[in-house]
Each structure stands twice: as structure tokens, then as C-alpha cells.
Number of protein chains: 2
Amino acid sequence: MTTRDTILQAALERFARVGYLGSSIQQIADDVGTSKSSVLYHFDSKEALLEAAMAPALDAMESLIDALPELRHEHTAAAPGLVTRFVDTLMAHSAAISIFISQRGALQGVPAIERANAIVDAIARTLVLEAPTPRVLTRLSIGLAGVAFILGDTLSTEHDHLDPHEMRAIFIETLLELSSTGEDA
Amino acid sequence: MTTRDTILQAALERFARVGYLGSSIQQIADDVGTSKSSVLYHFDSKEALLEAAMAPALDAMESLIDALPELRHEHTAAAPGLVTRFVDTLMAHSAAISIFISQRGALQGVPAIERANAIVDAIARTLVLEAPTPRVLTRLSIGLAGVAFILGDTLSTEHDHLDPHEMRAIFIETLLELSSTGEDA
DNA sequence: TCGACTTCTGACCGATCGGTCAGTACGATG
DNA sequence: CATCGTACTGACCGATCGGTCAGAAGTCGA
């Protein structure tokens, strides 16, 4: 693996664990055994480093949005296939997702976070088309935020976590349940 | 209101909006129209300020825990009364709750956060007694984290949010649903 | 052998951080 | 009037922050 990729990985992990503001370039350099100057050679700034670290996750989410219109006419409400793909994408990029969820308030104005905000808006916009009640939307927000939070938690704590497959199943099932109207069918 | 209380309120709001690490004592002083030295006169340190700002929320949560054993034998699973009280407490202290939820990773070792961690552990411990499956526990975590996240979001963004009463009802209903075994009764 | 390019480093910069300290203004108390 | 405690302030401190820069070391093709 190239030095650049090593830095990218260490930065993503550290940003997720102790926060972007709580991480210094020096600490990231120490993590990978290089110098602060080396980090700033590969990336123009700390912000650029964050952007590069989050890019794969944002790319994946954007391509999921592009595929969303084709997936949703499968059912009127959220289709199981859509939710499954969503959960898989979240879990594949849990570090970046966790950074966005818990730090987007503190990082307003940072390009990478603004891009992620736009993605969330796009998701909400397409969901609103088929889930007009604020009730279902709120329920879905609870579910998505909760799932994202737990993913971040598994990264930053060494608690005993249940195995990823079980977690995945619970996530999918719970999100589907929350995306239904609620009371009963 | 005393200067001390004004500082406390401004600090709580700022910590919730842009993060503890993203807030400087100078900025908080500017918010209330006083000097950095004045803030440090009323509070020994930035950490002490955080602790004092979060204390009311933590006190409320602790007293809720104390009342928990008496409330739970009402039903085997989470009782509606318990959930309602829980949601009300969360909403009454949304700023402090939001700080804990989204920044406890970055603030490990800070006394106020350690105290909050202990509270969460206590809640989990009492819940485990009656909800032994990791499945229900995960579902509850999703719900609680999701609710807490939304509360923080309403503070830090100027989005159009639905009215608190509606939100409260959805929170309670959703949490009760998630605390059930799932599939059906 | 000679540049040219990439990778990387240590020295250094101004700004800001949390925190200390000596001192000031002032109302209450004797 | 003198004294004391409370509230508050500006000057200052060392440390760390993100970022710049000149140059060293190694690897190329010409």
C-alpha cells in the first residue's frame, strides 16, 4: 500500500474515533510513522485530507441514489432490496458515515460535509415522494440515525458487539418496520 | 439571570451546536458579552464548564434510573409510562443529550462524559434484566440513538421541524414499538 | 554524468488555544 | 473611613495548531 493510502486510512479511522477537530495532522503522521510535512505533501490541507478520506463513501452513496428511482417502483413503500443495499453501503463505509452523522454540526462549511448534506437532501427528497407523512419520515430518520450511530459506536469502543451478520439482519428488519406506516398494515 | 447562569446556557448551546472541541472559551465569552477571564473566574477550566453545563441533564437521568425499578414491574417489557418519562427527560435536556451522543467518542476521559457513560451502562444493565436478547437491545439502541440524534439536529439546524408535541408522540410510539420483540405479538 | 521528478523531512511561521496572575471597581460591613 | 469579599479585566504565558519552505535523498531517462 502506498504511503498516501496508509495516511488516508489512518486519518479516516482517527477522524471517526476522536473527531476531526480532535485529530491533529501530527497525530495522524505518528500513526503511520511519517512526518507532518509528509502528510501535507500528499494532501494540500487537513480539509483536503478529510475530503479524500470520505470520498469513497460519498461516491458509493451517490451511486446508490442514482439507482434509487429504479429500485423504488418495485413497491410503493421502501423496498426490501433498497433497504438491504442501503444497509450494506452504510456498513461498508461505517467510518465515514459515523464522521458525518456525529460531526456535521461542527463541520458546517467543510466541502466534504456539504457534499454529504446534499446527498442526505437528495435521499429525503426522493423518499418524500412516496412517504408524504412527516410521521413516517421521522420514523425513518430515527432508524437511519440510530443505525449510523451504532456503526460508529462499534468503531470507537471496544464493547462486546454482536457479529456483523446478525447486526445487518436486525438493521434491515428494523428499518423496514420503521418505513411502514406504523400501527399496522 | 446571573452571569454564571448566562455563561452556562451559552456554553451548553455552543457545545451542542459546534462541539466542545470546536468551541473556545473566548467565543463563549463573546456570546454573553464578557471576557475570557470572566468565564474562567466562574469556572475553573473548560472541562469544569462542560461538567457544570451537563450536570442538570445527568442529574435528571440519574433520578430517572433510580425510579426505574419501580416503574418496570408494571409490565415485563418497557412500560409506556417509563418510555414517556424517558422521552420527556431527553427532550427537556436535548442539548446535553446531543453533546453526549455525538461527542462521547472524542471526549473520552472527560469527567462529565464518563459520568454519562456510567448512566448509560446502568440503563443497559437494568434493561438487560428483562430484555435478554441482543436483538431487542440493538433495536432499542437504534431507537434511543435515533431519537437523541434528531433532538440534536433540531438544535443545530434551522430546517423546518415538525412541532414538538407531534415529535414527542412519534418518539414514544416508535420506541415502544422497537422495545417489543419485533415481528408480532 | 547530468538534470528532472517524486518523496520526504526539519526548521520555522503566525495564530489561537487553555490557563495564570496582578490589579481594578464596587457594594456591604465594621 | 477603612476593610473585605465578589466580580471582573487585560496582559501575558507555554503549548499546540495548520501550514510554508528550502533542501536532502533516491530514482529515473537522456
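Just so you know, these numbers use all the heavy atoms, side chains as well, and skip hydrogens, waters and symmetry mates. Proteins come first, then strands; the chains are lettered A, B, ... in the order of their sequence lines, and each starts at number 1. In this text the structure is predicted, and so the values were computed from the model without any measurement.
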Any side-chain hydrogen bond (donor to acceptor under 3.5 Å, both in side chains) pairs touching [range], not counting sequence neighbours?
| range | value |
| --- | --- |
| residues 103-113 of chain B | Asp153(A)-Arg104(B) |
| residues 109-120 of chain B | Asp59(B)-Arg115(B), Glu62(B)-Arg115(B) |
| residues 33-44 of chain A | Thr34(A)-Ser38(A) |

Under a 4.0 Å heavy-atom criterion, the protein footprint on nucleotides 8-19 of chain D, written with B, S and -, is BBBB-----SBB
Here the distance between atom P of dT20(D) and atom CZ of Phe43(A), to the nearest Å, is 16 Å
Holding to salt bridge (charged side-chain N to carboxylate O under 4.0 Å, His left out), I want the full list of residues that pass it with Asp88(B), two or more places apart in sequence or in another chain.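 Counting only residues at least two positions away or on another chain, Asp88(B) forms a salt bridge (charged side-chain N to carboxylate O under 4.0 Å, His left out) with Arg168(B).
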Taking side-chain hydrogen bond (donor to acceptor under 3.5 Å, both in side chains) as the definition, give me every residue that meets it alongside Asp5(B), ordered by chain and number, with sequence neighbours left out.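 Only Thr2(B) meet the side-chain hydrogen bond (donor to acceptor under 3.5 Å, both in side chains) criterion with Asp5(B).
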